[in-house]
Amino acid sequence: MNSRLILNSLKKGSNISKFLATNNVTKVVSYKANFLSSLSYSPKCLNLAGPAVTRNQQSSIHFSNVFLNETITIESPVFAESISEGNFVYVKQVGESVKAGEIIANIETDKTILELKAPQDGVIEEYLVEDNSSIKGKSPAVKFKVGAVSGQSAANAEPVSKPVEEKKPEERKEPTQEPTQTPIPTSMPEIPPKPQQPISSVPISQIPVVPFTPSTTQQADINKISGSRSETRIKMNRMRQTIANRLKTAQNTCAMLTTFNEINMGNLVDLRKTYNDQFQKRHKLKLGFMSAFVKASATALMDQPVVNAVIENNEIVYRDYVDISVAVATPKGLVVPVLRNVEKMNYADIEKEIAALGEKARNNSLAIEDMQGGTFTISNGGVFGSLFGTPIINLPQSAILGMHGIFDRPVAINGQVVIRPMMYVALTYDHRLIDGREAVTFLRKIKSAVEDPRTLLLDI
């Protein structure tokens with residue numbers, strides 16, 4: 001009797017069982033990954049016209065340890081050592097169908113946002129953690145039914161059309177009203193009360209004030225002010241709480257002082273116009289202003305190592321490397337990914353690294369390792385049109401550079417008043433460690449390197 005092979009399912013991610021019938025004897029072979037290597041198949045057995053199944057073809061078949069319609073428990077990911085817990089925020093609702101790899105919930109930690117994804121297609125049966133509550137690493141989070149379809153999805157299917165029965169119009173019967181008898185009064189009517197004085201004659205202090213009670217029936221849009229005089233309270237996410245605590249700690253810890261200068265951006269603008277096309281053709285990136293400031297800051301830090309140092313207890317720690325944090329604004333808050341060993345980078349290396357970290361920040365895929373460390377920070381408020389500002393030190397660092405917008409202003413050059421694209425820059429530093437001489441010299445070094453990038457080549 002010929003053998004035949006029946007495959008119940010060959011879709012990737014689904015449960016696979018194979019029933020092999022040979023000489024009227026049925027063998028059930030489980031989904032364990034290496035069962036193909038223990039059996040030898042012939043073209044006749046597989047009902048194929050080609051040669052026998054090779055090992056490469058066998059390895060292309062996906063095997064799963066989860067049965068169809070089986071309920072599994074999805075746990076939260078393992079947190080980094082510096083993170084103890086995070087806020088669990090729902091993305092999908094209970095009973096909703098999701099596909100493999102789709103985000104079920106987000107876990108907001110002090111430094112980043114972790115995504116909890118569906119391992120396979122299925123339906124969310126139950127959340128084991130309340131929305132916006134705390135959760136620790138490797139904790140049960142979601143009960144998930146593999147391969148199921150939610151009732152909502154099934155209801156969205158086209159309903160079977162049924163013949164509509166025509167209803168005969170019912171005859172309306174007019175209600176008959178019985179005559180009512182008016183009772184005969186047995187006493188005199190009551191005298192109406194004396195009318196009150198008009199409100200204009202009542203003193204304002206005696207007019208009762210009715211307190212306003214905000215409406216709780218509708219959830220107001222927090223991104224829009226409609227004038228309804230209502231108030232909406234939402235819980236501050238964990239990242240925003242951490243940012244607030246760190247900024248206040250910096251104010252209470254450091255003796256912060258800010259020094260200012262202005263930079264003529266004319267040469268850098270001309271450099272960008274001249275070489276931007278060639279730079280983009282070679283490196284597949286546009287030449288921006290951030291690379292010039294990052295490289296200038298690295299050169300200035302090497303010239304003034306005390307700005308790159310930090311106070312720990314009663315000691316001063318000098319670092320023999322330059323790791324620059326670049327502040328990036330995200331919808332969840334401010335993050336500061338770190339560029340490592342900037343002293344060894346050129347403009348192209350810096351632009352590539354900034355582009356990679358910026359893409360991670362926009363996709364909420366920054367890891368803890370991307371934001372740890374850093375010896376100096378650059379904050380660019382100029383992208384929002386800022387003219388002037390005093391940045392706050394990013395602990396445990398000792399200084400931060402604030403960039404601002406580029407605006408045409410009249411300046412005096414060689415005894416003549418001319419219009420030039422100018423930028424104000426600010427350096428906030430910890431006066432406990434850095435004196436005014438080092439701070440001013442550091443900022444003038446940045447000014448020189450940005451205004452004339454040729455000084456970097458000549459090391460002057």
Checklist entry - Hey, mind stepping through Asp277 and Lys281 against side chain to side chain contact (heavy atoms under 4.5 Å, CB included) and telling me if it holds? => result CA-CA 6 Å; Asp277 292 340; Lys281 184 177 180 180; over 6 Å; no

Item to check | Heavy-atom closest pair, residues Phe88 and Ala141 | outcome: CE1-CB, 3.8 Å

Checklist entry - Roughly how far, to the nearest 0.5 Å, is CG of Asn264 from CD of Glu451? => result 5.5 Å

Item to check | Side-chain (Thr253) to main-chain (Ala250) donor-acceptor, under 3.5 angstrom | outcome: no

Checklist entry - Would the number of heavy atoms belonging to other residues, nucleotides or ligands and lying under 6.0 Å from NZ of Lys143 be above 12? => result no

Next on the checklist: Has Thr428 got a side-chain atom pairing as donor or acceptor with Pro391's backbone, closer than 3.5 angstrom?
Outcome noted: yes

Checklist entry - Does the side chain of Leu427 come within less than 4.5 Å of Phe442's, by heavy atoms? => result yes

Checklist entry - Is the His431 ring parallel, tilted or perpendicular to the Tyr429 ring (thresholds 30°, 60°)? => result perpendicular

Next on the checklist: Does Lys92 form a salt bridge (charged side-chain N to carboxylate O under 4.0 Å, His left out) with Glu102? I'd like the steps, not just the answer.
Outcome noted: CA-CA 10 Å; Lys92 301 292 184 180; Glu102 197 170 352; 2.8 Å; yes

Next on the checklist: Just verifying a value: how many Å separate Leu301 CG and Arg319 CZ, rounded to the nearest 0.5 Å?
Outcome noted: 10.0 Å

Next on the checklist: What's the separation between atom CD1 in Ile107 and atom OG1 in Thr109, rounded to the nearest 0.5 Å?
Outcome noted: 9.0 Å

Checklist entry - Does any donor atom in the side chain of Thr390 or Thr258 lie under 3.5 Å from an acceptor atom in the other side chain? => result no

Next on the checklist: More than 12 heavy atoms of other residues, nucleotides or ligands under 6.0 Å from CZ of Arg409: yes or no?
Outcome noted: yes

Checklist entry - Taking side chain as C-beta onward, heavy atoms only, is Pro119 less than 4.5 Å from Ile74? => result yes

Item to check | Short side-chain to backbone donor-acceptor contact, Arg246 and Asn394, under 3.5 Å | outcome: no

Next on the checklist: Go through it in stages, so that I can follow the logic: the residues are Ile406 and Met422, the test is side chain to side chain contact (heavy atoms under 4.5 Å, CB included), and I'd like the CA-CA distance, side-chain angles, deciding distance and then a yes or no.
Outcome noted: CA-CA 5 Å; Ile406 302 173; Met422 304 297 293; over 6 Å; no

Checklist entry - Short question: side chain of Asn106, backbone of Val89 - any donor-acceptor pair under 3.5 Å? => result no

Checklist entry - What's the shortest heavy-atom distance between Val129 and Pro140, and which atoms? => result CG2-O, 3.7 Å

Checklist entry - Quick one: are Val440 and Arg444 in side-chain contact, heavy atoms under 4.5 Å? => result yes

Item to check | Test item: Asn276 side-chain N/O and Leu287 main-chain N/O as donor-acceptor pair under 3.5 Å | outcome: yes

Checklist entry - Salt bridge or not for Arg454 and Asp452, using N-O below 4.0 Å? => result yes

Item to check | Flag side-chain contact, heavy atom, 4.5 Å: Met265 against Val450 | outcome: yes

Next on the checklist: Ignoring hydrogens, what is the shortest heavy-atom contact between Met236 and Arg240? Give both atom names and the distance.
Outcome noted: CG-CG, 3.4 Å

Checklist entry - Going by an N to O cut-off under 4.0 Å, is there a salt bridge joining Asp121 and Lys99? => result no

Item to check | Evaluation steps, ring-ring contact (aromatic ring centres under 6.0 Å, His included), between Tyr275 and Tyr347 | outcome: CA-CA 12 Å; Tyr275 297 105; Tyr347 279 20; over 10 Å; no

Item to check | Any Val425 side-chain heavy atom under 4.5 Å of Glu262 side chain | outcome: no

Checklist entry - Ring centres of Tyr90 and Tyr127 under 6.0 Å apart? => result yes

Checklist entry - Which distance, rounded to the nearest 0.5 Å, do you find between the CD1 of Ile72 and the CD of Glu75? => result 10.5 Å

Checklist entry - Would you call the rings of Phe388 and Phe260 parallel, tilted or perpendicular if under 30° counts as parallel and over 60° as perpendicular? => result parallel

Checklist entry - Just by modelled atom types, is the Gln241 backbone N or O under 3.5 Å from a matching donor or acceptor in the Asn245 side chain? => result yes

Item to check | Distance (rounded to the nearest 0.5 Å) between Lys445 NZ and Met302 CE | outcome: 10.0 Å

Next on the checklist: Minimum heavy-atom separation for Ala309 and Tyr318, please, with both atom names.
Outcome noted: CB-CD2, 3.8 Å

Next on the checklist: Return the CG to CG distance between Leu443 and Asn261, rounded to the nearest 0.5 Å.
Outcome noted: 5.0 Å

Checklist entry - Does Lys136 NZ have over 12 foreign heavy atoms under 6.0 Å away? => result no

Item to check | Least distance between heavy atoms, Ile446 atom then Ala300 atom | outcome: CG1-CB, 3.8 Å

Next on the checklist: Donor-acceptor check, side chain of Asn313 to backbone of Glu315, threshold 3.5 angstrom: yes or no?
Outcome noted: no

Item to check | Side-chain H-bond candidate by donor/acceptor type, Arg432 with Ser398, under 3.5 Å | outcome: no

Checklist entry - Around atom CG of Asp408, are there more than 12 heavy atoms of other residues, nucleotides or ligands at under 6.0 Å? => result yes

Next on the checklist: Do Ile350 and Asn346 have side chains that approach each other closer than 4.5 Å (heavy atoms only, starting at C-beta)?
Outcome noted: no

Checklist entry - Would you say the side-chain atoms of Asp323 pair up with the backbone N or O of Asn341, donor to acceptor, closer than 3.5 Å? => result yes

Checklist entry - Does atom CD1 of Ile225 have more than 12 heavy-atom neighbours from other groups under 6.0 Å away? => result no

Item to check | Residue pair Arg238 / Asn87, side-chain donor-acceptor N/O under 3.5 Å | outcome: yes

Item to check | Residue pair His404, Leu387: steps toward the side chain to side chain contact (heavy atoms under 4.5 Å, CB included) verdict | outcome: CA-CA 6 Å; His404 300 93; Leu387 175 65; 5.9 Å; no

Next on the checklist: Donor-acceptor pair, distance only, cut-off 3.5 Å: does the side chain of Thr274 make one with the backbone of Asp270?
Outcome noted: yes

Item to check | Cation over ring face, Arg272 and Phe289, 6.0 Å, 45° | outcome: yes

Checklist entry - What are the two closest non-hydrogen atoms of Ser325 and Gly373, and how far apart are they? => result OG-O, 4.1 Å

Next on the checklist: Given 3.5 Å as the limit, does a donor-acceptor pair link the side chain of Ser139 with the main chain of Ile135, or not?
Outcome noted: no

Checklist entry - Taking it one step at a time, do Ile378 and Ile400 satisfy side chain to side chain contact (heavy atoms under 4.5 Å, CB included)? => result CA-CA 6 Å; Ile378 298 177; Ile400 179 173; over 6 Å; no

Next on the checklist: Do the side chains of Glu351 and Lys286 get close enough for a salt bridge, i.e. N-O under 4.0 angstrom?
Outcome noted: no

Next on the checklist: I'd like to check Val123 versus Glu96 (side-chain heavy atoms, cut-off strictly below 4.5 Å). Are they in contact?
Outcome noted: no

Item to check | Close side-chain approach of Leu285 to Lys352, heavy-atom, < 4.5 Å | outcome: yes

Next on the checklist: Could you check whether Asn308 and Thr375, counting side-chain N and O atoms only, form a donor-acceptor pair closer than 3.5 Å?
Outcome noted: yes

